[in-house]
There are 2 protein chains.
Amino acid sequence: MTFVNEESVFRALADGARRKLLDRLHANNGQTLGQLCAEMDCTRQGVTKHLNILEEANLVVTVWRGREKLHYLNPVPIHEMAERWISKFERQRLAAMHQLKQALEGDDR
Amino acid sequence: MTFVNEESVFRALADGARRKLLDRLHANNGQTLGQLCAEMDCTRQGVTKHLNILEEANLVVTVWRGREKLHYLNPVPIHEMAERWISKFERQRLAAMHQLKQALEGDDR
DNA sequence: TCATTATGCAACCATTTGGTTGCCTATTCA
DNA sequence: TGAATAGGCAACCAAATGGTTGCATAATGA
């Protein structure tokens with residue numbers, strides 16, 4: 001059951017290192033911790049902490065293969081964020097642009 | 001010129017109080033600080049800090065009307081986030097779902 | 001004009017965050 | 001079997017974050 005907690009997802013996405021990890025899994029899914037540590041500019045333990053936050057937000061799911069831990073992207077939370085939150089603002093986008101312009105014009109009238 | 005800094009946008013969206021402020025502007029655009037303070041469970045100064053972070057991320061634009069400060073939603077950053085970042089993951093959504101399922105099946109095979 | 005209203009600014013505080021180091025455990029393979 | 005490899009866990013630390021209080025300033029209107 002994939003229950004998505006909005007708060008934990010937004011929090012997880014707030015950090016550049018974590019977004020980079022998601023980008024790297026997006027480019028190459030199912031990587032081990034060791035693989036993900038390469039090209040990250042912090043220690044393995046630091047990367048683990050970031051991955052744990054991504055896992056708690058359900059953005060990443062892990063599978064053990066022997067002594068290796070494989071990390072897979074879970075596309076559900078991002079999809080739900082897009083559906084529930086982003087799209088709400090996207091719908092009123094042009095109207096909001098118009099209101100903003102009107103306000104800025106009236107400013108120095 | 002609306003240049004959007006990805007980092008500041010994600011950071012700004014990470015806090016529930018700030019998302020609530022955006023939601024309230026979405027429901028009723030152009031509100032004053034005083035209006036926005038109602039229904040928020042922190043002081044006016046606390047709300048100001050949140051609004052400043054939203055403004056620095058260009059998610060909110062302000063216009064002075066006399067002694068009142070009006071707050072308007074700027075839909076551009078959320079739109080660009082959707083276009084640049086979200087959509088990249090949405091495109092590979094079904095493929096990622098499939099890879100995840102395969103990995104989870106292989107798990108207890 | 002003078003009280004009221006709307007907001008800004010600075011200092012301060014506790015908690016969270018992102019990162020480290022050090023050590024432990026489990027799997028692999030020569 | 002024993003060294004090398006992959007990763008976990010705990011303690012610690014500095015800096016950032018979210019919040020407060022107190023006081024200052026500017027616009028409004030009776």
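Each chain gets a letter, A, B and so on, in the order the sequences are listed, and its residues count up from 1. Side-chain atoms are counted along with the backbone in the values below, which use heavy atoms only and exclude waters and symmetry mates.
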Rounded off to whole Å, could you give me the CH2-to-P distance for the A/W64 and C/dA26 pair? 11 Å
Do the side chain of B/R67 and the base of C/dT7 come within less than 3.5 angstrom through a donor-acceptor pair of N or O atoms? no
In one Ile/Leu/Val/Met/Phe/Trp/Tyr side-chain cluster, 4.5 Å: B/I53, B/Y72: no
Could you tell me how far apart A/L70 (CG) and C/dT27 (C1') are, to the nearest whole angstrom? 14 Å
Scan residues 39-55 of chain B against DNA chain C and write down, sorted by residue number, each residue with any heavy atom closer than 4.0 Å; if none is found, say none. B/R44, B/Q45, B/T48, B/K49
Under 4.0 Å between a side-chain N or O of A/R11 and OP1 or OP2 of D/dG18? yes
Are A/D15 and A/K20 close enough, and set up right, to give a salt bridge (Lys or Arg N to Asp or Glu O under 4.0 Å), and what steps lead you there? CA-CA 9 Å; A/D15 189 274; A/K20 184 176 178 180; over 6 Å; no
Check: A/N58 and A/V76 side chains under 4.5 Å, non-hydrogen atoms: no
Rounding to a whole Å, what distance do you find between B/K69:NZ and D/dT28:P? 16 Å
Can you tell me how far C1' of C/dT28 sits from CZ of A/R65, to the nearest Å? 13 Å
Note, B/L22 side chain near A/W85 side chain (heavy atom, < 4.5 Å): yes
For DNA chain D, what residues of residues 12-30 of chain B have any heavy atom nearer than 4.0 Å? B/D15, B/R18
A/E7 CD to D/dT17 P, straight-line distance once rounded to whole Å: 15 Å
What I'd like to find out is whether the side chain of B/L51 reaches to under 4.5 Å of the side chain of B/L21, using heavy atoms alone. yes
Ion pair check, B/K101 and B/E105, cut-off under 4.0 Å: no
Under the salt bridge (Lys or Arg N to Asp or Glu O under 4.0 Å) rule, what do A/R19 and B/E7 come out as? Steps first, then yes or no, please. CA-CA 10 Å; A/R19 289 197 304 280; B/E7 180 68 14; 2.7 Å; yes
Evaluate the side-chain proximity of A/L59 to A/L13: yes if any heavy-atom separation is below 4.5 Å, no if none is. yes
Which atom pair, heavy atoms only, marks the closest approach of A/E55 to A/V60? CG-O, 3.3 Å
Round to the nearest Å and state the distance from B/E68 atom CD to D/dT25 atom C1'. 16 Å
